[in-house]
Each structure stands twice: as C-alpha cells, then as structure tokens.
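Reading through the structure tokens given below for one structure.
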Amino acid sequence: MDIRSYTMPSLLLALFTTGALHAQVAGRAVAGPMSRGVSISRPAAHTPLAKPPVVESQVPNQVYDQGDPTPDEQYMLELINRARANPAAEGVRLANDHDPSIDYLYDHYTPTRAAVQADFATYPSRPPLAFNAKLIAAARRQSRDMLTHNFQSHTGSDGSTFDQRINAAGYTGWTYIGENIAAYSTSIWEGHVSLNADFGNADLGHRKNIMNFEADPAKLHTEIGIGILDTNVGVSSTPMHTGQKVVTEDFGTKGGHFLTGVVYRDENKNGIYDVGEGLAGVQVMPSSGTYYAVTSSSGGFTIPFSGTGKMMITASGGALTAKMVDTVTLGTENIKVDFVPGAPGMPLPAAVTLIGPQNGDNVPTSGVMLNWDRPSPGITKFWLEVGTTPNLATVLISDSTITDTMTVLNNLQKSKIYYWHVRAGNQTGWGPASQPGSFITLASGVETTNDAVTGRISASQPNPFNGSTTIRFTLDRTRNVSLDIVNGSGDRVATLVSGTLPADSYAFEWNARDQASGVYYYRLNVAGKTETGKMILSK
C-alpha cells in the first residue's frame, strides 16, 4: 500500500508502505488496510476578484455529456454526496452497520466505530461532486487493470501513475486531483464504509479526498469519476484475488460549477437512489444558460452553470411520465437537485409543528435558530418561508432544499416582526404548511444585560458527546425557567428544570445513556423567551 503526494511544479514525492492489502473472511476477500488515498495540487494562477455575473439569459442549446455511469457507479456517487451534505448523519451510518465483513474490519483495524462517528460529527458539510466523463474513463481504466491483473495499487501494471492516467483521459488544466482505490470490496456499501473509515491508514487520505474536511479551499473537489467493475462479469481465467467489487474514485478540480443530481423512482422509500431505480432519457432543462442534460442509463445528470440568482429546472420525457419542476438559487458552489416522482399510494406528509423560537420571542438579527419536527416517515426535505406579514403574502426568504429539522437565519432587520412556516416534502410532493410562527428582532441586534438570559446561553459542552453533556446559562434576577431536551422529531425526551430560579449562574447536566445516537436540541425558556441549540450524541 502506498501514499503519494505531489506539490506542483516541484513534484516532491513521499512514499510510505504498510502491511497486507486484504484479509480473508469466510473464504472471501474484504477491504482491509488499503492503498492510501493520493492527491496532487498545482497552484492556480492569481487573478483579480470579479463580481459574479448574473445568470445567463439565453435558452440552453447544448447537451452536456457527463459520461454514462453504471447504476453501481451512480449509487456510489449518491453515497458520497449524502456524506458530504451531512457528515454527522453519515458518521452514524458508518459506525453502526453490522454486516459481517464490516464487523471484521472494525474488529481488526483502526479506527474504532466511536472514533469514526466522532470524527464525522466535526466535519463541515461540502457541496456535491458532479460526474465528469474523462474522470470516469480514467477511473475505469485503473479498475479494469486491477481486475485483470489481480492487484491493488495506484501504480498501474504498465507503470502509469494516477495523474498520468487522468491526463491521458483528457482531464487537463486541473489545480487539484486525487484518487481512491478499493479492490477488495464485497459490495458498494462496504467499499463506501472502507474508504470513509480508512481502515489502517492513519493519514486518512481516502477520507480527505471524499469529505474535503481540511480547511484549504484550493483542495475542495468539484468533479469525480468512478469506475466499478464486478468480478462476476468478464472474469479472466486467472485466479481472482480482488473482491466482488473493484472500485476506483478519481477526483478533480479545474474551475467551474455544476448542477448535478439523479432522476429516480424511490421504490423502497428510503430517500436515496438505489441500484435499478434510475430513470433514463429524461431531459433536464434549466430556464437559462448554455447547457441542458439528458439523464444517463443510471438516471444521473450534470449541467455546468455560471452566474448567480434563481433558476427554474424542468425534468420531462424519457422514463418520466409527468413533468417535474424545481427552482434553485445559484451561487459559487455545486448544487444537487433530484427529481423523484411519487410512488403510487404514498400520502403527502403531515403538517409540520414549529418548535422554536416560540411566538413573540425576542431574537438577535443573526444566528437565529429555527427548528421544527419531522411529522411523518419518508420525508426527504423541508420548505421554509419567512416574511413580514401574518399570512406570509410577502415572502422574504424561501428555501426548499433544507434536509434537517433546523436552519439558522442571519442578517435580519432590527426591531422587526417576522413570520414563518414550514412544509415537509416526500416523493409524492409537499405537505400543508405549518401554523405560522413569529419572532421579533432586537433593536440592537444583540442580547443586552436587561434580557432574561444574561451573557447568552453557553453552547452545550462537550458537543458531540458520549454519555452526558452540560448546558450553562445565567439569570439576571429571579425568573420562571424551563429547560427541555427534544429529539430530531421534536419529541421531548427530558426536562432538566421547570420552575422558578433566583439570579445566578447555572449548569445542568443531561445524561443521555438511555437515548440513541443522533441529533438532539436543548430548549431553554426564560420568562417567555426561548433559546435553542443543537447537540450530537455519538455513542
């Protein structure tokens, strides 16, 4: 196993090796300590900063070709993008899977389940990766080579390095590239777990490529190629040493932003694309720009864009029986939009219940946390609207891409009454709006010493936590106080205090030994004013 990293143009090389490439479980190969993830960076030319252009106004007239990823390759990308969108939630999944082959890896290699879950709880969310046809070709070349010649390495059987293969595929002009390989996977999911856990690799090179959790913005990948081959298809006559799935992931950054996603029918209603669910031949047409897309055989699509502002996206034709429309706000990062027609008989979501802030609460102008419940199963997104009239006839904020049961608002006007409501969405469509809530921004935009909670509530510590965490706050005088803990569905799971407390500083411990791992919220109400914070329980 090796790791290689080059800093262009000097091409400094460091080479490290580790032990056995794979282990045997019940007579089959599984991913053990793998050839470490590799990457190369090339300093980009310095150019003056310019104001982003507005969204192009012309009608798209060119089809963008992202390549034709297989269903396996599309599924791996969906797993990667789900992890990048919500690292904490993916950490829970990675740490709590008990497939026998994954149990073996956790039992025999580092890191531990707890370490993986704790690490992922600290990672920032990252924009989605978009398929690139040339990177797909480079990745498939290496997977085919490893399958044919029964080996696992970033060096090809012909001596080629991963940067040479990426350049040879025509992906040139890049500023940053990387490669992951997992030639001993028994399934796509096991490959995903192995590369993210990075068993046996202390430098976490694979995980860095996938999650981009380092602070350097120059190392933020935007494109990917995935090559996955099944050893049951086109197997050579030589004895097979690779696993059931041979995986190569090639990452790239060379400028530009992409709208990416998949059109699929969620047959098992789990909220994510699975192999066999993609809808091919669907036209995905933006309301402006140069490019549009037609979904590949896996149902996926990629569309380059430039500029900022609102854009309407229409999916129609092909295997899609009815036209679907969505609206996105373009910025300086990749955007993911999936089109998922409703499964027959699946009802719309129930109405959302708002949790906080409570009606009439005073809040600062920035850092305002709104949270609500998840009213029914199968919900994949939420639609928040905020305005200044009780009936929300005039909407100032509209965001239909929220996947969590909370969001944070910034840069609100001072001394203003705001109204808000939330809808839940599933594969069938949007449910009814919640009852509207309201809150009032402070005149100064910050808390003052005359407020019920002085010095502001302290964030819970530790966070993430395993076992117990402590919430601290200070009262300026005797107040009526309640401190509750609610889960991600909005259900109250504990009350730490309820009653009258004198002026003082307080610290209340929540022992969560009887609760499952996941996201929780503390909700402190002092004299009718509520503050809410997010906590992550990682067992």
Side-chain angles (χ1 to χ4, degrees), residues 1-3 16-26 28-37 76 79-80 82-126 152 180-214 243 245 247 249 460-469 488 510-520 534-539:
M1 298 173 289
D2 59 44
I3 175 174
F16 302 86
T17 60
T18 58
L21 290 178
H22 70 280
Q24 293 289 330
V25 178
R28 56 177 181 164
V30 300
M34 297 168 293
S35 178
R36 299 180 180 179
M76 181 66 87
L79 294 176
I80 289 172
R82 181 179 69 178
R84 288 168 67 92
N86 191 338
E90 196 70 10
V92 173
R93 298 184 187 98
L94 296 171
N96 289 281
D97 188 282
H98 288 281
D99 179 272
S101 61
I102 294 174
D103 280 343
Y104 182 92
L105 295 172
Y106 277 117
D107 289 343
H108 289 80
Y109 304 104
T110 58
T112 65
R113 296 177 185 272
V116 169
Q117 187 166 329
D119 285 350
F120 271 73
T122 68
Y123 294 158
S125 61
R126 293 303 190 195
Q152 176 175 266
N180 289 347
I181 56 175
Y184 302 100
S185 302
T186 59
S187 67
I188 305 302
W189 173 245
E190 187 205 288
H192 178 71
V193 174
S194 299
L195 290 169
N196 278 280
D198 229 346
F199 292 111
N201 292 325
D203 70 328
L204 302 180
H206 298 97
R207 195 189 298 180
K208 290 175 183 177
N209 277 336
I210 295 171
M211 298 304 298
N212 287 156
F213 56 82
E214 296 179 297
K245 302 288 184 180
V247 180
E249 300 168 348
S460 63
Q461 293 293 333
N463 190 14
F465 68 100
N466 179 2
S468 64
T469 187
W510 178 44
N511 190 321
R513 63 178 180 271
D514 296 328
Q515 300 296 326
S517 297
V519 175
Y520 293 84
K534 183 177 182 179
M535 307 176 292
I536 298 174
L537 173 58
S538 175
K539 291 186 175 180

Find the distance between CZ (R113) and CG (L94) and round it off to the nearest 0.5 Å.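 Interatomic distance, R113 CZ to L94 CG, rounded to 0.5 Å: 10.5 Å.
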How long is the span from the CH2 atom in W510 to the OH atom in Y520, to the nearest 0.5 Å?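 Between atom CH2 of W510 and atom OH of Y520 there are 5.5 Å.
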Tell me the closest heavy-atom pair linking [X] and [Y], and the distance in Å.
X: I80; Y: H192; value: N-CE1, 3.9 Å
X: S185; Y: G191; value: OG-CA, 3.3 Å
X: D97; Y: D99; value: OD1-N, 2.9 Å
X: H98; Y: D103; value: ND1-OD1, 3.0 Å
X: V193; Y: F199; value: O-CE1, 4.3 Å
X: L537; Y: Q117; value: O-NE2, 3.8 Å

Would a distance-only check, ignoring hydrogens and angles, find a side-chain to backbone donor-acceptor pair under 3.5 Å from [X] to [Y]?
X: R84; Y: M211; result: no
X: T469; Y: P462; result: yes
X: D198; Y: S194; result: no
X: Q152; Y: A183; result: yes
X: K208; Y: D203; result: yes
X: R126; Y: A83; result: no
X: N180; Y: E249; result: no

Given side chain to side chain contact (heavy atoms under 4.5 Å, CB included), test V116 with N196 step by step and report yes or no. CA-CA 8 Å; V116 169; N196 278 280; over 6 Å; no
Residues E190, I102; criterion side chain to side chain contact (heavy atoms under 4.5 Å, CB included); working and verdict: CA-CA 7 Å; E190 187 205 288; I102 294 174; 4.0 Å; yes
Quick check: do R93 and F120 have side-chain heavy atoms less than 4.5 Å from each other?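 With C-beta onward as the side chain, the pair stays apart.
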